[in-house]
Amino acid sequence: MMQDLQQLTLALSKGRIFDETLPLLEAAGITVTENPETSRKLILATTNPHLRVIIVRASDVPTYVQYGAADFGVAGKDVLIEHGGEGLYQPIDLHIAHCRMSVAVRAGFDYVTAVRQGARLRVATKYVQIAREHFAAKGVHVDLIKLYGSMELAPLIGLSDAIVDLVSTGNTLRANNLVEVEHIMDISSRLVVNQAALKLKREALQPILQAFEQASARMA
Ligand code: ATP
Ligand code: PRP
């Protein structure tokens, strides 16, 4: 099958990534003509006849781009680290969806002493790669428990001593009587581009990448 070198597919996830990417698309003169919150459609048209948007799970964005099913996409640094980044070119920090990756424990749990005494900690997280690297660098022995969501529950119910999770306002931690004890890294979302598309579709991609870069630099 001949590749249409003009046709571009952008992978986005519903919610904050979609919402915060819209102004960047607008800066490139592109409007998405359907709303994923009200439409059940997963392939959305835009005002640019050469660009369509596909709606996928946030953690699936790198996979679609890696295999070239999408030419480019937007994903959090957390998602990209967990995925491994294979087959992806990461040219731009878009400075959107800002948050941080942190270690949190139940209020009253003496994390510092537990670490100092060399206790083996049970840590529940969706971000096992980031957690493994963080504790290995500190020389802390941990048993990692993989979860897919609602990490905040784990220390409250006795599943783990600590969690590694995303924090923004801190409201979710506070609401669950948890405290942040370590800041692991700052997180924002990146543009990722399929490496083959970058070469083959450069002409179609370049103006959009440039507009994204300029608009995101203004947000930095
Ligand atoms: P999935 O659907 O694959 O489980 P998810 O539910 O984490 O993923 P979103 O909640 O849409 O997906 O988050 C997308 C990205 O936004 C995350 O990967 C992260 O980089 C960032 N993010 C997550 N939570 C926040 C937050 N509270 N404030 C700002 N940015 C956030
Ligand atoms: C994210 C994250 C935390 C919360 C932190 O969840 O998993 O639970 O945000 O934000 P805060 O510090 O401002 O409370 P999100 O709101 O995306 O819910 P979801 O993961 O269930 O989509």
Side-chain angles (χ1 to χ4, degrees), residues 10-25 32 35-42 44 53-67 69-70 72-86 88 90-107 123-131 133-134 144-157 159-160 162-193 212 216 219-220:
L10 172 65
L12 298 176
S13 53
K14 229 158 66 168
R16 58 174 64 85
I17 299 265
F18 182 85
D19 298 346
E20 296 189 33
T21 302
L22 281 190
L24 300 173
L25 283 167
V32 183
N35 177 357
E37 298 300 337
T38 52
S39 159
R40 303 292 298 170
K41 277 197 192 172
L42 298 174
L44 310 179
V53 170
I54 59 169
I55 300 296
V56 303
R57 280 292 289 268
S59 34
D60 289 335
V61 166
T63 307
Y64 278 83
V65 177
Q66 172 189 357
Y67 287 99
F72 58 149
V74 177
K77 184 178 174 186
D78 50 322
V79 165
L80 292 170
I81 294 175
E82 294 300 319
H83 174 267
E86 200 187 322
L88 303 177
Q90 299 181 34
I92 310 171
D93 181 350
L94 297 174
H95 301 290
I96 60 170
H98 280 287
C99 52
R100 55 191 184 270
M101 189 66 75
S102 295
V103 181
V105 299
R106 204 165 21 82
V123 178
T125 188
K126 179 172 156 187
Y127 310 97
V128 286
Q129 201 55 39
I130 293 172
E133 278 173 30
H134 173 70
L144 292 177
I145 301 169
K146 166 86 185 185
L147 291 178
Y148 292 88
S150 302
M151 263 80 79
E152 294 84 3
L153 191 58
L156 303 180
I157 216 87
L159 177 65
S160 71
I163 59 171
V164 167
D165 196 8
L166 296 171
V167 182
S168 174
T169 59
N171 286 341
T172 309
L173 292 183
R174 266 190 299 278
N176 291 292
N177 201 27
L178 300 175
V179 290
E180 207 173 346
V181 287
E182 249 162 22
H183 171 274
I184 301 179
M185 63 177 76
D186 287 325
I187 300 282
S188 57
S189 285
R190 318 284 155 124
L191 190 72
V192 290
V193 185
F212 269 40
S216 59
M219 299 175 74

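Counting convention: from 1, in listed order, for ligands and their atoms alike.
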Test your reading of the model: is there a side-chain donor-acceptor pair from [X] to the backbone of [Y], 3.5 Å cut-off?
{"X": "Thr169", "Y": "Asn171", "answer": "yes"}
{"X": "Asn35", "Y": "Glu37", "answer": "yes"}
{"X": "Ser188", "Y": "His95", "answer": "no"}

Review point. With distance as the sole criterion, is a donor-acceptor pair present between the side chains of His83 and Gln66 under 3.5 Å?
Key: yes
Check your understanding: With distance as the sole criterion, is a donor-acceptor pair present between the side chains of Thr172 and Glu152 under 3.5 Å?
Key -> no
Review point. Just wondering, more than 12 heavy atoms not from Tyr64 lying within 6.0 Å of its OH?
Key: no
Review point. If you count only heavy atoms, which residues are under 4.0 Å from ligand 2?
Key: Arg16, Glu152, Asp165, Leu166, Val167, Ser168, Thr169, Gly170, Asn171, Thr172
Check your understanding: Any ion pair linking Arg190 and Asp93 (charged N to carboxylate O, less than 4.0 Å)?
Key -> yes
Practice item. Would you mind checking if Lys126 and Glu82 are paired as a salt bridge, meaning a charged N to carboxylate O distance below 4.0 Å? Key: no
**Study point:** Passing candidate, side-chain contact (heavy atoms from CB on, under 4.5 Å) with Ser189, options Ile17, Leu12, Asp78, Thr21
**Key:** Ile17
Practice item. Write down, by chain and number, every protein residue that brings a non-hydrogen atom to less than 4.0 Å from an atom of ligand 1. Key: Lys14, Arg16, Ile17, Arg57, Ala58, Ser59, Gly76, Asp78, Val79, Ala97, His98, Cys99, Lys126, Leu166, Ser168, Ile187
